[in-house]
Amino acid sequence: MTAADRVLDRIRRIPPGFVRTYGDVSPGAPRYAGTVLRTTAEEVPWWRVVRADGTLAKGARQAALLRDEGVLVRRNRVDLRTVRLDELDAG
């Protein structure tokens, strides 16, 4: 399994209503997660990946998709204390 495959697998495993940060899905290289998302043709729930401070990289479009899943978004930011998937839950 390639590094990109591992990133995509971690993103696929984020359940609706939760988020992970770029660093969660690509430990030690959060920008790599963005590169993988930008270059993949595969459908993955990209909107569930947020910046380390909870802000949304894709703005209103990402906010709408998260809200559809029941995630509270305020000023293009989520509260990581309430919606971030625990490391132990996602592996």
Side-chain angles (χ1 to χ4, degrees):
M1 180 179 278
T2 68
D5 290 334
R6 284 190 292 277
V7 169
L8 293 171
D9 183 58
R10 289 178 186 129
I11 294 169
R12 274 189 228 100
R13 295 187 325 186
I14 305 169
F18 291 92
V19 301
R20 303 217 53 210
T21 67
Y22 287 95
D24 292 338
V25 298
S26 182
R31 289 180 186 214
Y32 181 68
T35 299
V36 170
L37 283 171
R38 187 173 55 256
T39 59
T40 188
E42 187 176 333
E43 282 293 320
V44 294
W46 58 267
W47 59 92
R48 296 181 189 148
V49 182
V50 301
R51 294 179 180 129
D53 64 356
T55 57
L56 309 181
K58 296 295 181 177
R61 181 173 174 216
Q62 186 175 11
L65 291 166
L66 287 170
R67 285 185 181 115
D68 286 347
E69 295 184 348
V71 175
L72 179 63
V73 179
R74 289 191 180 150
R75 296 182 181 182
N76 281 335
R77 182 183 296 237
V78 299
D79 182 354
L80 291 175
R81 296 170 298 176
T82 60
V83 296
R84 186 179 192 179
L85 189 63
D86 188 328
E87 276 295 317
L88 299 176
D89 295 335

- Query: Does any non-hydrogen side-chain atom of Leu37 lie less than 4.5 Å from one of Ile11?
  - Reply: yes

- Of all the heavy-atom pairs spanning Phe18 and Val71, show the shortest one and how long it is. N-CG2, 4.3 Å

- Got a sec, which residues hit salt bridge (Lys or Arg N to Asp or Glu O under 4.0 Å) with Asp53, two or more places apart in sequence or on another chain? Arg77

- Query: Which heavy-atom pair separates Val7 from Ser26 by the least distance, and what is that distance?
  - Reply: CG2-CB, 4.0 Å

- Item | Min side-chain heavy-atom separation Thr82-Leu72 under 4.5 Å | no

- With sequence neighbours left out, what residues match Arg74 under side chain to side chain donor-acceptor pair (under 3.5 Å)? none

- Item | From Met1 atom CE to Leu8 atom CG, the distance as rounded to the nearest 0.5 Å | 9.5 Å

- Message: According to salt bridge (Lys or Arg N to Asp or Glu O under 4.0 Å), who are the partners of Arg81, at least two apart in sequence or on a separate chain?
- Response: Asp79

- Task: Taking the side chain as every heavy atom from C-beta outward, state whether Pro16 and Arg48 have any pair of such atoms under 4.5 Å apart.
- Result: yes

- Backbone of Thr35 reached by a side-chain donor or acceptor of Thr39 within 3.5 Å: yes

- Item | Set of residues satisfying side chain to side chain contact (heavy atoms under 4.5 Å, CB included) with respect to Pro27, sequence neighbours excluded | Arg10

- Query: Is the shortest heavy-atom distance from the side chain of Gln62 to the side chain of Trp46 under 4.5 Å?
  - Reply: yes

- With sequence neighbours excluded, tell me which residues meet side chain to side chain contact (heavy atoms under 4.5 Å, CB included) with Ala63. Leu56, Arg67, Val73, Asn76

- Contacts of type salt bridge (Lys or Arg N to Asp or Glu O under 4.0 Å), residue Arg12, not counting sequence neighbours: Asp9, Glu42

- Message: Does Tyr22, at its OH atom, have more than 12 non-hydrogen atoms belonging to other residues, nucleotides or ligands within less than 6.0 Å?
- Response: yes

- If you look at every heavy atom in Val19 and Leu80, which pair is closest and at what distance? CG2-CD2, 3.8 Å

- Message: Between Asp24 (side chain only) and Thr21 (backbone N and O only), is there a donor and an acceptor less than 3.5 Å apart?
- Response: yes

